[in-house]
Amino acid sequence: MSETTKRSTGQHQVKRDSFTSSLGMMAATLGSAVGLGNIWKFPSMTGTNGGATFLFVYLACTIVVGLPVMISEIMLGRTVKANAITTFNKLSPKKQPWGLVGVAGVVAAFLILCFYTEVAGWVFAYIFKGISGSILTTDPKVASDMFGQLISNPLMSLVWQWIVLVLISFIVTFGVSKGIEKVTTKLMPILFCLLVIVGIRSMTLPGASEGLKFLFAPDFSKISGTVILMAMGLAFFKLSIGMGTMMTYGSYCRDDQNVPMTATKVMLADLMVSLLAGIAIFPAVFAYGFDVTAGPSLLFVTIPAVFASMPFGYLFAIIFFVLAAIASTGAMLSLFEVPVAYLSETKQMSRKGAVITTALGIVILGAPAALSHSLTADVTIFGKTFFDLFDFLSSNIFMPAGGLCICIFTGWVFGKDRIREQLSNIGKLNNGGIISLFTVLVKYVSPILVALVLLNMLNVF
Ligand code: TRP
């Protein structure tokens, strides 16, 4: 995706480009979906929320709610071909405030970037720690101390976050997302293969079967409101939906793209990566006696341990964190694109100005999050540190609420006739059955489920 900015007679015009091929659109979308969510959030949340039961609920949320929202977003974005806020404003009947959903999306993008850039910073730091060889240990205590030292150092936390921000800003400014997308498409299969290798090593460790049981044998008595809320939040976070990212990417999508098919393939591929990460991590957690409920540190203590116990582990560890850094970069680019597209298209800002504004916003708002394991560790709001609060607010409130509005908007305002026209590419595709199913989901099933989860969180029941 690239944008050419033309300036003439002081007027700021943006000529919109589109993805050049159907595969390019899929790669970009997958590049946004696959990220730290798969290798960091998915395992840590599965670990803290009871394993297989959580996985099962997450799967259900992804299929019944995530996919319809993703299809809706891409479709709405493609219809209007503008940033998320403009998309809502243009499609909304007069005097209805749907544009606010887009505004909430831009706010959510900031919230996510505040903590995401921090975790990405840890990943970048681990590349260098990998090179020094210091992370390769199978001793749980040494491994967690090492990670603890990194995140409790205020200066290092900020510096790594800023390094990530500079990198992302640089790439987004030059509009070379085409470059990075090309790189991501080539490297994503390598990440996949590497996860398979780590997975096999992890599964063949003595005592690994406990880990597989933890991941795949559900105990349905463990389903609770919290499990459902968390799983729904992860489903939104994973597919980059509920806050305008997919809408923005949809706006660069070609008119001949098969939207439901693309979204389904992206969802499945993304799920595969998460499952592979789970298979790489959980057997090792049990084999080495790490704590499954360790949360965010899981990736940084267990993955190095698995590498430490295999031949050429030193090299694999470095490659792994490089690939994780690349995956997180693809996701961050898509997050950045939401405020940048909005600012540059509606606020008379150049792309560069929009990027600098966004980056500065994250430097300011992101600092308390980055320092949440050191200087601001004792500052809590609703019992959560800034890091956890931003994570919670975005995944569990902004995105589901945004997703709910997107479903209602698509099903009831955009309406079934336009859905049929758009999803069949004006009758060119023969996918009537899928469209009917989608319409029922988006009008009734998905919004009701999301509303129930949100109401449950507010303790209405
Ligand atoms: N899906 C990405 C991941 O799993 C993160 C991400 C990118 C995202 N863009 C987003 C999350 C938009 C929510 C909204 O790492």
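Since we're looking at a predicted model, the values are computed, not measured.
Using a 4.5 Å heavy-atom cutoff, the side chains of V103 and I85 are in contact. Contact annotation: the side chain of V57 approaches that of C61 to within less than 4.5 Å [non-hydrogen atoms, C-beta and beyond]. When side chains are defined from C-beta on, T62 does not count as touching L67, because their heavy atoms never get closer than 4.5 Å. Counting heavy atoms from C-beta outward, L423 and T439 have side chains that stay 4.5 Å or more apart. At a threshold of 4.5 Å between non-hydrogen side-chain atoms, the residues R351 and T173 do not count as touching. Side-chain contact between S395 and K41: present, with at least one pair of heavy atoms (C-beta onward) separated by less than 4.5 Å. S157 places a side-chain heavy atom less than 4.5 Å from the side chain of E118. Two residues are said to be in side-chain contact when any heavy atoms from C-beta on lie closer than 4.5 Å; F392 and L111 fail this criterion.
Shown here for T385 and T380, the closest heavy-atom pair between the two residues is N-CG2, 4.1 Å. Minimum interatomic distance between A109 and L335 (heavy atoms only, all atoms of both residues): CB-O, 3.9 Å. Listed here is the closest heavy atom pair of L276 and L195: CB-CB, 4.0 Å. The minimum heavy-atom distance linking M267 with I63 is given by the pair CE-CG1, 4.1 Å. In terms of heavy-atom proximity, A108 sits nearest to M243 at CB-CB, 3.8 Å. Scanning all heavy atoms of the two residues, the minimum distance from S152 to P154 falls at O-CD, 3.2 Å.
Checked by atom type and distance alone, the side chain of T48 never pairs as donor or acceptor with a backbone atom of G295 at under 3.5 Å. The backbone N or O of L441 sits less than 3.5 Å from a side-chain atom of S446, completing a donor-acceptor pair. Remark: the backbone N or O of D391 is paired with a side-chain donor or acceptor of S394 at under 3.5 angstrom. Judged by distance alone, with hydrogens and angles left aside, the side-chain atoms of S92 form no donor-acceptor pair with the main-chain N or O of N89 at under 3.5 Å. Remark: the backbone N or O of S32 is not paired with any side-chain donor or acceptor of S334 at under 3.5 angstrom.
In this structure, a donor-acceptor pair under 3.5 Å is absent between the side chains of S240 and T245. Side-chain contact, D270 with N38: a donor N or O sits under 3.5 Å from an acceptor N or O. At a cut-off of 3.5 Å, with distance as the only test, no side-chain donor of E337 or T248 sits close to an acceptor on the other residue.
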Is there a side chain to side chain contact (heavy atoms under 4.5 Å, CB included) between S328 and Y116 once you walk through the steps? CA-CA 8 Å; S328 71; Y116 205 95; 4.1 Å; yes

Dump the intermediate steps for side chain to side chain contact (heavy atoms under 4.5 Å, CB included) on W160 and Y126, then the final yes or no. CA-CA 11 Å; W160 281 113; Y126 260 60; over 6 Å; no

Mind running side chain to side chain contact (heavy atoms under 4.5 Å, CB included) on T79 and K90 for me, showing each step along the way? CA-CA 10 Å; T79 307; K90 284 225 170 121; over 6 Å; no

Before you tell me yes or no, could you show the steps for R78 and Q422 under side chain to side chain contact (heavy atoms under 4.5 Å, CB included), namely the whole-Å CA-CA distance, both residues' side-chain angles and the distance that decides it to 0.1 Å? CA-CA 9 Å; R78 185 177 70 169; Q422 281 301 318; 3.8 Å; yes

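Taking CG of N431 as the start and CG of L437 as the end, the distance is 11.5 Å to the nearest 0.5 Å. Atom CG of residue L239 and atom CE of residue M70 lie 5.5 Å apart, to the nearest 0.5 angstrom. Atom CG of N153 is separated from atom OG of S374 by 7.5 Å, given to the nearest 0.5 angstrom. Note that CG of L298 is 8.5 Å distant from CD1 of I303, once rounded to the nearest 0.5 Å. Atoms CD1 and CE, on I71 and M261 in that order, are 10.5 Å from each other to the nearest 0.5 Å. In this structure, CZ on F88 lies 12.0 Å from CD on Q96, to the nearest 0.5 angstrom.
Here T86 pairs with N83 under the side-chain hydrogen bond (donor to acceptor under 3.5 Å, both in side chains) rule; sequence neighbours left out.
Residue pairs satisfying the side-chain hydrogen bond (donor to acceptor under 3.5 Å, both in side chains) criterion with at least one member in residues 216-236, sequence neighbours excluded, are listed as follows: D219-S221. Sorted by first and then second residue, the ring pair (Phe, Tyr, Trp, His ring centres under 6.0 Å) pairs involving residues 27-53 (not counting sequence neighbours) are F42-Y58.
Atom CG of L23 has 12 or fewer heavy atoms from other residues, nucleotides or ligands within 6.0 Å. More than 12 heavy atoms of other residues, nucleotides or ligands shown are found within 6.0 angstrom of CE on M457. Counting heavy atoms of neighbouring residues, nucleotides and ligands inside a 6.0 Å radius, atom CG of N430 does not exceed 12 of them.
Under the 6.0 Å cut-off for aromatic ring centres, F56 and F220 qualify, their centroids lying closer than that. Aromatic pair F214/F282: centroids less than 6.0 angstrom apart.
Under the 4.0 Å criterion applied to side-chain N and carboxylate O atoms, D255 and K428 are not assigned as salt-bridge partners.
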Could you go through residues 161-171 and list every donor-acceptor pair under 3.5 Å that involves a side-chain atom there, pairing it with any protein atom two or more places apart or in another chain?
from: Q161; atom 1: NE2; to: C114; atom 2: O; distance (Å): 3.0
from: Q161; atom 1: NE2; to: T117; atom 2: OG1; distance (Å): 3.0
from: S169; atom 1: OG; to: L165; atom 2: O; distance (Å): 2.6

Solution key, residues 353-366 side-chain donor-acceptor pairs under 3.5 Å, sequence neighbours excluded:
from: T357; atom 1: OG1; to: G353; atom 2: O; distance (Å): 2.6
from: T358; atom 1: OG1; to: A354; atom 2: O; distance (Å): 2.7

Let me check something: any side-chain donor-acceptor pairs from residues 413-421 under 3.5 Å, sequence neighbours excluded? List them with distances.
from: R418; atom 1: NE; to: F414; atom 2: O; distance (Å): 3.2
from: R420; atom 1: NH2; to: S436; atom 2: OG; distance (Å): 3.2

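The aromatic rings of Y444 and W412 lie perpendicular to each other, with more than 60° between the two planes, well past the 30° mark.
Under the side-chain contact (heavy atoms from CB on, under 4.5 Å) rule, F409 has a single partner from L76, L404, T87, which is L76.
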